[in-house]
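Below is one structure, written out as structure tokens, with a few remarks after it.
In what follows, every chain begins at residue 1, and chains take the letters A, B, ... in the order their sequences are listed.
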Amino acid sequence: MIVSGSRTVAAPRDALWAVLSDPARLAETLPGVGDVSIEDEHRFSAVAHPVTALGATRVAMDFEIVEQRPSEHVRISGLGSAGENQLQLTVALDLAADGEGTAVSWSADVQLRGVWRSLLQRGLGSLFNEQVDAVLAAGALLSGASNER
Amino acid sequence: MSTPRSETTFYPAIEQSERLGNWSGKNVPRKEDKRLLKGQGAFVDDLWMHRQGHVHFVRSPYAHARITAIDVARCEAVPGVYATLTGEEVGELQQPYFQMAPEPAGAMKDYCMAVGKARYMGEPVAAVLAESAELARDAAELIEVSYEPLPVVVDGIATIEPDAPVLHEEIGSNVGWHGTYDYGDIDWAIENADHVVRIDRLHFHRFSSTPLETSGALVNWDPGTGVVEFRTNNQMPMFAAMFIGPAIGLGIDHMQFSSQDIGGGFGIKITSYTYLTALALLSRKAGRPVKWSESRWEHLAASAHGNERTFLDIEVPVMNDGTILGFKVRAFDDAGAYLRYEPLGAVIWAQVVPGNYRFKHVRVDYTESLTNKCPVGPNRGYSRLQHLWMIERLVDIVANELGFDRVALRKLNYVQPEEFPYETPNGCIYDSGDYPAMLDRALELIDYEGALARQRASARSGRRIGIGIGSTLDSGTNNFGQSRIINSALPFSGNGEAAIVRLDLYGEVTVTIGTSPQGQGHETTAAQVTADILGMSPDQVHVAAGYNKAANTYVGFSGTYASQFAVTGLGAVMGAAEKLRGEIIKVGACMLGSEESDIELADGFVRLAANPEAAIPFIGIAATVFANVAELPGELADSVTLNCRYVYRPPFEVPDHETKTGKLTLTYASQVHAAVVEVDDETGQVTILDYAAVDECGRKVNPMIVEGQVHGATGHGVGAALYESFEYDADGQLLNSTFADYHAATSLDVPHIRTGDIECPSPFTPNGAKGMGEGGGAPLSTIASAIEDALPDGAHIVFDTHNNSERVFELLRSAAAAGPRGVEVISR
Amino acid sequence: MATEGAVHVIDVTVNGEAHRTPVPARRLLVHFLRETLGLRGTHIGCDTGNCGACSVICDGQLIKSCMMLAVQADGREIETIESLGEGPDGLDPIQEAFREHHGVQCGYCTPGVVLAAKTLLAENPQPSEAEIRRALKGNICRCTGYMNIIRSIEAAAAAPGGITR
Amino acid sequence: MLLAATEYVRPDSVEDALAALGGTAGSRVLAGGQTLINVLKHRAASVELLVDVSRLEELRFIDVSADGSVTIGAATTYRELERSAELRAAQPIIGEVAAGTVDRQVRARGTIGGNACFADPASNYPPLLVALGASLQIAGPAGVRSVPAEDFFVGLFRTAVGPGELLRSISLPPLDGAGVGYRSLQIAADSWALARAVAWVGAGEPIGAARVVLGCVAGTPVRAVATEARLIGGPRSTEAAVAAAALAGDGLEPPADVHASSAYRREMAAVMAKHALFDALGLQDDR
């Protein structure tokens, strides 16, 4: 499914882009991240644990930064599994300066496979956007900004 | 005493028993019920064996993907994991299953697990055997499967286009079967008709009658004897054996199948042979019994679905007086990823070519296609209900478009009561029926006049009233020779079932049958006919519960499927009981020193009709034959076993491959249903206000059981019409693989069903009964008809079997849009 | 991975019989009843709590034993289908009504449905058809279209003296 | 379906429950379990420690004050809500909704607090609590804080209850003559809601206060602000209700699923809002 959203974060555009385009730092922004392994300057794997009222969901993901334009654009693809379910995503983030902060808009193609596709069909879009939101908030913190707007 | 019937010009004369009636035809409470009500049933998940391991299947998340690697090392290292099995191993251990399709689809290589490629979401790619079910599931998460995704095709028509991704390279296309059925002269009819009604597209959706008990098995490959024991709820074991045996090198003498209680089947449990094969291989590999219980999501995603069928370019020639001459249509049946009972669906519908009507000219261009979806299996009403629904749609549409009354149009075109036995354009013989009377009865049960008044009163209220009619057939007792219409090389024809009725050592009467019931009450009805023939009470007859290949008797067609038990199963029981009766009388006459003609059987005694005091209990007969045989004259001792087997075989011939004609089924139970629905203008929500089901199935052995089948089939139809539909996204992901989103109809959803009763005994069966239980999908036709009746003028036709709120909402909206309606009329 | 987790000792009364048994925290009540105690009349039909084949009575109320952990049954009184009817052959009046009115086909949903009927009639001895339908909503039956189940419950309610023992 | 390994504890007090929740990362409150256990069966979430609060008497109560305000313990079951005569008198809609929730078995174990904390916008209570102006009391190591329902539902499956906290109770202000309407379009007679609207309209004419809340249309319950604005200051008439309800779907992009498209949900949200308003205003549907 196609999901999109936007958010303004209180971090300078260059600094935020630097986080989002660096596998090591990008990995750190993932919710409940663990077992990070950096393959090269574009690829990394990590186990994320996005938390909802249901509990923490363990998803082992392989990410790749497939496209980048300094300070303005980054496209990341990911493929992960959780038991017999599978999550595949490609998310494109576009950054624009917004005063002191950065306006980020994203659009993603998210595909869930397995029984979760059925169970989470109503919520996938919301859940994904919430996770992107959390990543950007964490990214803002990592980029040196003290708080978000 | 039997009466030869001579008027059956279509079949050799048969004898119908006159002995039935004391118990047959009565609402005898079921023998099965005590154990089921007390929780004492033995379902497959209730069974266990010493040293058994539990199986968990790892399933493909992809609908179409190459499997590049499977790593089981981490899984096998877990303490308590006994074994794993991968597709790669299966490719070496198993021969591809026998295929019923002719070339090119006959070249399909189908295995019990994905070998090299997964072709639908949920297809098993590996299996784990472990000491507990929990551990098997835990350890399965450690199996690493690498996939290379492939393009997915889920549309049953787009899949045969040249650019579609091919599922099975060995076939070279996604066509599972193609052929044209051409009866009469449809071109002449279209040319000479006063009107031709053209319908663009009708779609019969994918659903399952999904039994409450999922599939399961306890399988043990005995290393000592080499016998593989399958304790399973598969509902057609001899069909399963035909696939499993050659695939893994087992003769029928090395396969044992058994089941006691089965928690519903409806056809969906016929094609579980793939899982049984995998379990057998795992058992051999691990040297242990293996147990598997399918979860509901596995069942919904990866057991079997009912056939989805799309009808394109329907043309219906109609005369000014309303006579419908026939129709032509292109049908595309979506079989999913593999042909596992298919392509039999490509011919089974031909049992009911003209539906309930006197249509003379029919052409069906039929394509069975393959897609990246769960393989289909025979689901209640299999292949016929799709066709019958299309016919009922076109009858309604003709009525609406040409301004005929729907009731009058049906009555005009129905096969008339005096025309039975009626020969259809393709040579099938409808045995008996009275469709106009059934329609009258159904309309009476819904208070048709009152409903019409409510409909008028509700006009413009926002709560639209619609009245619907559905007339369908439940053809029973297959002639398996029809398989030769799709593949002339197949070695099948006719049908049959076996039973043994014996007088046991201490005077007990025991019946064993080759059937595998799933709630149809075979123990009870078999006891009823046996009791009638042997002059005793059903309580005194023991019918072995369930299927047991070793202990019971069987033929190649044994099982419980396709509306035939009342004919084939009871035909076999009656034949065996008559043989036993003859033997008992012979021995009794000898012991009483009388003529056989002086003997009668009553209350478990052999006695002289003229002097009931002169009587021998059955135990006396048994004791003499089994333990005191020296007192019997030699010729009796040599000829009497008190262990009587009979195989009932319907009088079929082999159908003609070239003309695609023949007698494809023996009996034709029929249904006329009627409903009143309310359609909410604002939301499209449909509420059933009144529902009537009039079913006719010949002479009933146990009317209560028959009515229960009518209720059940109606429930499935209502559920499918309004709530139950398997939907895949473009990626081939099933969007409702649990009961949370596959809404199995509840007690609030199935309406109060008024049933009506008409009895037209079949002249072709030994007891006048017809097979029944599938129900023909009458509710699907009825509800579509009622919704269409509720729509405003100018609305699009009801084009789908499944009509959820949103679809009905769109139909309501279509009236104002004044766009294409999906139908046009060309008049001369 | 592959550990059972903590084991808890529970005290539970099932069909009048007290059990003190260790159970792993993750074990569902339905598996405890079927596998630990061998009470196979409680069935499993789905994995989402929809079908009700696993219905049992817990402290007098109908519940689904697939949505309760065995450890949560500690101190509770559970009644399963095996508690109905005297001895191996006796039928409770409700069960008799189901037999007489063909409220059973394959029998898989039956234990849950019978317990649903029993708890309904205990609270509402003369239910209407609409009330019966509402009360059965948590028990899916794929065979009967519910008609004869409803008839059976109506008959049990109408029996002389009702069905309460 | 078999759960992954987990730990379980049944504390004797809210205090002990908080200690258990705070002491283990990955702990979760287990109340009725009618959702959580299914989630665990499908291994859609893993939980290290289940803290069973279903028997805590501190969380099982229905207090109705003289002024008509109501406080309900979080672990109160639907069955208890359905059967409380006092609650029926003070806040009839709570018991009516409880009585129609899923089925008897679920009602015997499922809790109002669990329903709120699960925060599925397709659930019964989230939009209702927002419409009724409820506040939710969250207990944590630092004591109890009260959060308005509107702020409680943070996102899909996410609430204001933080790690180491639990929902203690739900408080409802007195109705004071307000009318309440609750309407759902459901699959079949009574399954998933495709669209849901709850309307609360204060007494008096012209309308002084109104809340119209939609369920199933976003990750949280959504207030139909344009509808509310249109109502306030206007008459209690059919025309006003119809005009206001027509605005309910504006700007929404509801999630699509196998049962309904986004556009249909949006339209149906407005239809449900109309009927909920009719009910809240005591108007007849004269279709």
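- With contacts defined as side-chain heavy-atom distances shorter than 4.5 Å, the pair B:P375/B:Y120 qualifies.
- Within the 4.5 Å cutoff, side-chain heavy atoms of A:L95 are placed close to those of A:L20.
- No side-chain donor-acceptor contact under 3.5 Å links A:S6 to the backbone of A:S105.
- Of the atoms belonging to A:L87, not a single heavy atom falls under 4.5 Å from chain B.
- For A:E84, the parts sitting under 4.5 Å from any heavy atom of chain B are the backbone and the side chain alike.
- Although no hydrogens or angles enter the test, the distance criterion places a donor-acceptor pair under 3.5 Å between the side chain of B:H802 and the main chain of B:A720.
- Both the backbone and the side chain of B:L735 come within contact range of chain A, each with at least one heavy atom under 4.5 Å from a heavy atom of that chain.
- A:N85 places a side-chain N or O within donor-acceptor distance of the main-chain N or O of A:W116, the cut-off being under 3.5 Å.
- Top candidate by heavy-atom pairs under 4.5 Å with chain B, chosen from A:R113, A:R117, A:Q88, is A:R113.
- For a residue to count as touching a neighbouring chain, one of its non-hydrogen atoms must lie under 4.5 Å from one of that chain's; by this rule B:Y728 does not touch chain A.
- Using a 4.5 Å cut-off between heavy atoms, B:Y742 does not touch chain A at all.
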